[in-house]
Amino acid sequence: MSPEIIGAIGLAVMILLVALRVPVALAMLGVGLVGFGAVTAPSGALQMLKDIPVDVLAKYDFSAIPLFVLMGVFATHSGMAGKLFDATRTIFGGVRGSLGIAGIGSSGIFASISGSSLATASTMTKVALPQMEKYGYQPGFACGILAAGGTLGIMIPPSIALLVYAILTQQSVGDMFIAGFLPGMLGMVMYSITVMIMVRWKPHLARRGERTTWKEKLISLTGLIPFSFIFIVIIAGIFFGLFTPTEGAAVGAFVSWAYAFAKGMRMNGLKQSLIETLALSAVVFFMLLGAEALGYFISVSRLSYTLASWIGTLDVNPMIVLICILIMYFLLGLFMDALAMLVITIPVVYPIIVALGFDPVWFGIVAVLTVELGLITPPMGMNIFVIKAMAPHIKLADMFRGVTPFIVSDLIRLVILVAFPSISLVLLSQ
């Protein structure tokens, strides 16, 4: 049996295992080890099993992951989110849909230091949903706003998804973060415009917010200072080469801890934050172990290179191939976790993208955006289910109905980023 056929069978088995609810990391690791042994030799698989944990856990670039997670956990426990929402609510006071816009804005800003869509959605739901219901927002629409706002965490740097993509494809982490900035800001603006359109089209969805004076708006800007300071320090430091992404993560974690300490976090809070960080980081690292094993298997089977060569012989526009890949991501996102989807598909898809001549940084952005859609699209819609767990009194069908306009907004943003790659790459040329 040829290595390529073994590779195809391995991928089919892995998809079956995932469909049977086997943990994604375990499915990748098992298929990677067995497949590698089938192509080479059982002794080679055993040697790989010994080497991979050291390769992954001792790799310097991966140390940024727990540091960014820790930074987001400190931000969550410090009460930053409440001050952030109050500030953005005051800034947009008097505008119809102001609380919705504040929910989007505060989610985007909070995402800039949490790095996690699920953490952003859950934190902002605690803070914003009671206020939105109090001021007459239709519950499903309010949940749709917060679910969409949470997805910004996967794009706005520092994003764990972009970090993992950079490591898997050996791209610069700093380049990926910088490339994700404008698409993330575009998403925040388009979500806000979506809120404004919806509340004008269907006024019953939300009441006009309380009017605020210019003095109140200016004073409220102080609530943005902690986030702005951490974000600017990290991104400016990476952009100007003052420190590496890992060092930036360490600086951000320290500043977040200092703020949390100043706001009253003591030993119990620190212990809880470290436990959460260890739990979240362990999940990510287990996935990376599985992805590394799967990557070795795909490499020795030459499956991805055979596919890339075959596609190269076809008389097909490369853009058609790209669209097919993005459709595949969208469909997978209906059923799979976003990070798991990236680590499973990148070893196969990335060589094809490079062979077709697409910029790998730009592809990372559009791929992550397509994956992001899965966070709010039924039936998986992880952000929706996170919010449902925190607001059981609201019907799931109403939540998915409320998030539909934002899915449309994301599809429009995806078309814009595919049509105009310079939006993602312009900052890299500076």
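Along the sequence shown, residues carry numbers from 1.
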Parallel, tilted or perpendicular: which one describes the rings of W257 and F254, with boundaries at 30° and 60°? tilted
Quick check on N317: does its CG atom have over 12 non-hydrogen neighbours (other residues, nucleotides or ligands) under 6.0 Å away?
yes
message: A side-chain contact here means heavy atoms from C-beta on lying under 4.5 Å apart; do V73 and Q272 qualify?
response: no
In I423, L425, L428, the residue satisfying side-chain contact (heavy atoms from CB on, under 4.5 Å) with W362 is L425
Review point. Honestly, is R413 close enough over Y191, meaning NZ or CZ under 6.0 Å from the six-membered ring centre and within 45° of the axis?
Key: yes
Any chance CE of M196 has more than 12 other-residue heavy atoms, nucleotides or ligands included, within less than 6.0 Å?
no
(message) Classify the ring geometry of Y350 against Y165: parallel below 30°, tilted from 30° to 60°, perpendicular beyond 60°.
(response) perpendicular
Name each donor-acceptor pair under 3.5 Å that joins a side chain in residues 378-389 to protein atoms two or more places apart or in another chain, with its distance.
unit_1, atom_1, unit_2, atom_2, d
N383, ND2, A147, O, 3.0
K388, NZ, P392, O, 3.1
K388, NZ, I394, O, 2.6

S63 and P66 have their tightest heavy-atom pair at O-CD, 3.4 Å
Close side-chain approach of L369 to M155, heavy-atom, < 4.5 Å:
yes
Would you mind reporting whether I353 and P360 have side-chain heavy atoms less than 4.5 Å apart?
-> no
Discussion item. Any side-chain to backbone donor/acceptor pair from T404 onto F400? Under 3.5 Å, distance only.
Written reply: yes
| said: I want to check something: taking the side chain as every heavy atom from C-beta on, are Q171 and F363 in contact at a cut-off of under 4.5 Å? | reply: no
Output for pair (T377 OG1, E372 CD), nearest 0.5 Å, gives 10.0 Å
- Is there side-chain contact between I234 and V251, with at least one heavy-atom pair below 4.5 Å? no
Can you tell if the side chain of E133 reaches within under 4.5 Å of the side chain of P139, non-hydrogen atoms only? yes
Q) Given side chains that start at C-beta, do those of M176 and I365 come closer than 4.5 Å, heavy atoms only? A) yes
| Is it the case that Q47 and D51 place a side-chain donor and acceptor less than 3.5 Å from each other? | yes
Between F261 and F74, does the ring centre distance come in under 6.0 Å? no
